[in-house]
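Lettering of chains follows the sequences in order, A, B, ..., and the numbering in each one begins at 1.
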Number of protein chains: 2
Amino acid sequence: MSKAKRLMELIVAVNRKRRFTVKELADEFGVSMRTILRDLQELSELGIPLYSEVGPHGGYRILQERLLPPIAFTEREAAAVFFAVQALRRYSSLPFETETSTALNKFYTYMQEDVRARIDKMRDRVDFITPVRRAQSPHLPVLLDAAIRQVVLLVDYASKQQRGKREIQPIGIYTQGGLWYCLAYCFLRKSFRVFRCDRIDSAVPSDSPPLDLQQIHLGSKEELIRLEEDSVYLYADLSKEGVEACEANPCPVPLLHVFNDGTGRLEGNVERSDIPYFASYFVGLGKEATVRQPKELRAAIRQLLSDLMVRYADEGIVTQE
Amino acid sequence: MSKAKRLMELIVAVNRKRRFTVKELADEFGVSMRTILRDLQELSELGIPLYSEVGPHGGYRILQERLLPPIAFTEREAAAVFFAVQALRRYSSLPFETETSTALNKFYTYMQEDVRARIDKMRDRVDFITPVRRAQSPHLPVLLDAAIRQVVLLVDYASKQQRGKREIQPIGIYTQGGLWYCLAYCFLRKSFRVFRCDRIDSAVPSDSPPLDLQQIHLGSKEELIRLEEDSVYLYADLSKEGVEACEANPCPVPLLHVFNDGTGRLEGNVERSDIPYFASYFVGLGKEATVRQPKELRAAIRQLLSDLMVRYADEGIVTQE
DNA sequence: TATAACCATGACGTGATTTGTCACTATTAT
DNA sequence: ATAATAGTGACAAATCACGTCATGGTTATA
């Protein structure tokens, strides 16, 4: 690396770390300590406020406030960031609620006039639409913080069946289809579960000792949510349109295979208790999907269809308000 | 003067002048033109967007390098922006493809080490899931640019029925459910239409004179997509779960009303030709929805149900592969 | 069509700069 | 005392920067 480039990167590195030693930098840049010392002297002459202390635990320090150095964004980069933040604003709840709006504001007000004008023009011409849900998730910051610091929370959760307090150790939070979910270890069920954040009515840190789950994160989601013993093998064929519908509205468990001609198939093991859900799912796909297995699911679909038949059978029953 | 210092000053000089020639800088810095040329190339490699034009009145220019003033983001703001950009990265296509990654990179590398460590920790603990679609939309930048500058494009579009070239004047682009759409005036149909961007196979500026649509933008979407003459009034009751399903997977036209108890109703005018779509939509909602009107839709649902009944009727027919 | 004003690139030798090493000194926490 | 840290000076080897020359390309303009 040329000296000029090294100096530039040195400025960045020195701003990033607030404290550092000569040896540290020498290792990082793969040059000798003598060279780094010469470089640092040069940076000093260039006006970068460096300060050093000798002795053990000594080292260099940069005398500056904690702020990002003047970052040079190109206009297009600024626009991209602006729209990214803008996209997030469509979410009804966020773990960084206020921060996004202040950051957006800073970005906007510091932009130069002409750039701002162009951004304004774009504003009405790009949009990121996310399902708008009424459900609020007010405890996202607490959940995220607990996931990062790995502490146990006592939450008040209203599941479909019942509602009550339970202790959970959050792994992470994610949003999908306009709702927020929290993957966590549930001390009540003694397994990993996914909680809908809008169904969490309160969340406070608990004193219970946390498990050591540092290595577990959202990436391992699929493996954590284990199937119950009682699972059945599902197999369904999909038309081209069926494939698209599945992509748009992914169902949790089974694997989607797509063939070259655009058609595809869904297969995988699903829990027996989820059969009603899948029945509804496949009925929604209409003629674009054909379930081959299991028989139970086909039966459930048949049942659902005939129930619906009844609902839509007799015109005479229709009441109007 | 050392080379490093000259480069730093060169950056300043180049930002100060917007346009300059090699000779000019050579004289100013008292070095040969060859040296300046080498320096400028190095600056390019360092990421300064330089651009040159040959010929008389040609010379170098600096491209859109707007230095935002040193913005002091708080740690949480930086995190929020970082995740906003990160969220966008899950989209398979974007109108600012490269910009988001360079911006993300700048943010990340300029962060102080401790902040960065915390961000890293969060990385696996927050996620923004968007349907991953195989469909690519490579022409987004062209479409967006056309929408902003209001020019007419000649596109090669593959609609469900047919495929062919047509002229459109884009109003804006938006993404929903993992796909990109373009709202545009279609000169072929002489009305405003929504195009799926992944079905646009080519898009090139056309010479045709644009209409004056400056005042029209994405906000006016609903009004633009006018109903055909032949529309019917739709009315459906929804259970609580039905309301949630509708929120997650919004259907285009009708209005959703939600009552205090969580149940709701869908109503509005829909095109008669869309009845098959709505039949499938409501069948997908299963028992969570009851269509009251129109009769045609109830009939279509009945038809769809009996078709499906046939498909799932006889276990004996099931073939296995 | 010619010309001038630009940029672009390669080769090469000289001379300047950079770098690593070594041998020191100085300071300070433990 | 010892170890960890910064700081300096000297010197040779390696590397790099620079200017010069040569060549060639593009484009506006006359």
Between C/dA8 (C1') and B/Glu45 (CD): distance, integer Å: 14 Å
Partners passing ring pair (Phe, Tyr, Trp, His ring centres under 6.0 Å) against B/Phe128 (at least two apart in sequence or in another chain): A/Tyr91, A/Trp180
Between P of C/dT18 and CD of A/Gln41, the distance in whole Å: 13 Å
Donor-acceptor contact present, side-chain B/Glu167 to main-chain B/Ser208, <3.5 Å: no
DNA chain C contacts made by residues 21-29 of chain A, counting heavy atoms under 4.0 Å: none
Charged tip of B/Arg189 within 45° of B/Tyr157 ring normal and under 6.0 Å: no
Protein-to-nucleotide contact annotation, 5' to 3' order, nucleotides 19-29 of chain C [B base; S sugar-phosphate only; - none; under 4.0 Å, heavy atom]: BBB-----BBB
For A/Phe187, ring pair (Phe, Tyr, Trp, His ring centres under 6.0 Å) partners two or more places apart: A/Tyr185
Atom-pair distance (OH on B/Tyr51; C1' on C/dA8), nearest Å: 15 Å
Partner set under side chain to side chain donor-acceptor pair (under 3.5 Å) for A/Arg125, not counting sequence neighbours: none
Short side-chain N/O contact to C/dA8 OP1/OP2 from B/Tyr60, under 4.0 Å: yes
Beyond-backbone contact of B/Arg196 with B/Ser137, side-chain heavy atoms, under 4.5 angstrom: no
B/Met1 vs B/Phe29 side-chain heavy atoms within contact, under 4.5 Å: yes
Test side-chain contact (heavy atoms from CB on, under 4.5 Å) applied to B/Leu153 and B/His139, step by step: CA-CA 11 Å; B/Leu153 293 180; B/His139 304 294; over 6 Å; no
Degree of bending in the helix from C/dT1-D/dA30 to C/dT30-D/dA1 once both end axes are built from five pairs, to 10°: 40°
Nearest-angstrom distance from the residue atom CG of B/Leu37 to P of D/dA17: 15 Å
Test item: A/Arg6 and A/Lys3 side chains (from C-beta on) under 4.5 Å apart, heavy atoms: yes
B/Glu42 CD to C/dT9 P, straight-line distance once rounded to whole Å: 15 Å
Short side-chain to backbone donor-acceptor contact, B/Gln150 and B/Pro170, under 3.5 Å: yes
4.5 Å side-chain heavy-atom contact, A/Leu50 and A/Phe20: yes
